[in-house]
Amino acid sequence: MGESEVKSIALFFFFAFLDDRRALEASTQAISLCADKKKKNPQFNNSVLIVMTTFSVWTKHHLKLNRGNPNISTDAGWMIPADLDLGPWREFQKLATQDELLAVIWSKVLEIPEKDIAQGLGISEGTVRYRLGRALRKLGSMAQGVSTKKLNAVK
């Protein structure tokens, strides 16, 4: 398992939880699980493996999550640009379904192909596309609302 897979797993849990302690704990578990599965089957597609393991670990941790209320500390090593506004993402995280949230993270943040997401979840590509489209419409409307508020504040 390479550095890019480890980074992908860490990013997944950062954006899924917005809680550095939970993200670190879940990432550690997912990396270990991923490495074990890769050791058993070295031919395993890395993207499919990331989807499978992150989803498996997510299902164990997401019930403890207080969605939309970030708990991020720079002391934990997360380097977040000072001008990054996580407001739309926090709002999306609160309002999106689990399927929508995860689809956006896998597809748009980690850039995993829809085919690999579908294979990792055991669903059709059409289902992945549907979830992603619905999620992007929600996220887009939230981002649009933030942009409009900022424009009105400038006027």
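These numbers were taken from a predicted model, which means no experiment stands behind them. One is the number of the first residue; the rest follow in order along the sequence.
- Remark: Ile112 CD1 to Gln119 CD distance equals 12.0 Å, nearest 0.5 Å.
- Arg134 and Glu100 are joined by a salt bridge, as a carboxylate oxygen and a charged side-chain nitrogen come within less than 4.0 angstrom of each other.
- Under the 4.5 Å side-chain heavy-atom criterion for grouping Ile, Leu, Val, Met, Phe, Trp and Tyr, Val128 is connected to Trp58 within one hydrophobic cluster.
- Checked for salt-bridge contact, Lys94 and Glu91 meet the test: a charged N lies under 4.0 Å from a carboxylate O.
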Output a table of donor-acceptor pairs, distance under 3.5 Å, between side-chain atoms of residues 3-13 and any protein atom two or more places apart or on a different chain; print 'none' if there are none.
from : atom 1 : to    : atom 2 : distance (Å)
Glu5 : OE1    : Gly2  : N      : 2.9
Glu5 : OE2    : Asn46 : ND2    : 2.8
Ser8 : OG     : Ser4  : O      : 3.0

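- Taking OG of Ser32 as the start and CG of Asp36 as the end, the distance is 4.5 Å to the nearest 0.5 Å.
- The side-chain heavy atoms of Trp106 and Thr54, taken from C-beta on, include a pair separated by under 4.5 Å.
- Residue His61 comes nearest to Gln29 through the heavy atom pair NE2-OE1, 2.9 Å, listed as atom of the first residue, atom of the second, then distance.
- Across all non-hydrogen atoms, the minimal contact from Lys138 to Ala96 is NZ-CA, 4.0 Å.
- The backbone N or O of Leu101 sits nowhere less than 3.5 Å from a side-chain atom of Gln93 that would complete a donor-acceptor pair.
- The shortest side-chain heavy-atom distance between Lys108 and Leu136 falls under the 4.5 Å cut-off.
- Rounding to the nearest 0.5 Å places CG of Leu110 at 8.5 Å from CD1 of Ile117.
- For the side-chain contact (heavy atoms from CB on, under 4.5 Å) with Arg22, the qualifying choice from Asp20, Leu18, Leu24, Asp19 is Asp19, the only one to do so.
- When all heavy atoms are compared, the tightest approach of Gly120 to Met52 is O-CG, 3.2 Å.
- A continuous path of Ile, Leu, Val, Met, Phe, Trp and Tyr side chains, each step under 4.5 Å between heavy atoms, connects Phe14 with Phe55, placing both in one hydrophobic cluster.
- The two residues Val57 and Ala26 make their nearest non-hydrogen contact at CG1-O, 3.6 Å.
- At a threshold of 4.5 Å between side-chain heavy atoms, the hydrophobic network of Ile, Leu, Val, Met, Phe, Trp and Tyr places Val109 and Leu49 in two separate groups.
- Heavy atoms only, all atoms of each residue included: Ser56 and Leu33 are closest at OG-CD2, 4.0 Å.
- Under the 4.5 Å side-chain criterion, counting only non-hydrogen atoms from C-beta, Asp116 is not in contact with Val51.
- Shown here are the side chain to side chain contact (heavy atoms under 4.5 Å, CB included) partners of Leu139, two or more places apart in sequence or in another chain: Trp89, Phe92, Val104.
- At least one side-chain heavy atom of Glu114 sits under 4.5 Å from a side-chain heavy atom of Arg129.
- By the rule that hydrophobic residues join a cluster once side-chain heavy atoms approach within less than 4.5 Å of another member, Phe44 and Ile50 end up as members of separate clusters.
- Within the model, atoms OG1 of Thr28 and CD of Glu25 stand 8.0 Å from one another, a figure rounded to the nearest 0.5 Å.
- Residues Leu95 and Tyr130 fall into different hydrophobic clusters, defined by Ile, Leu, Val, Met, Phe, Trp and Tyr side chains chained together at heavy-atom separations under 4.5 Å.
- Between Leu121 and Arg131, some side-chain heavy-atom pair lies under the 4.5 Å cut-off.
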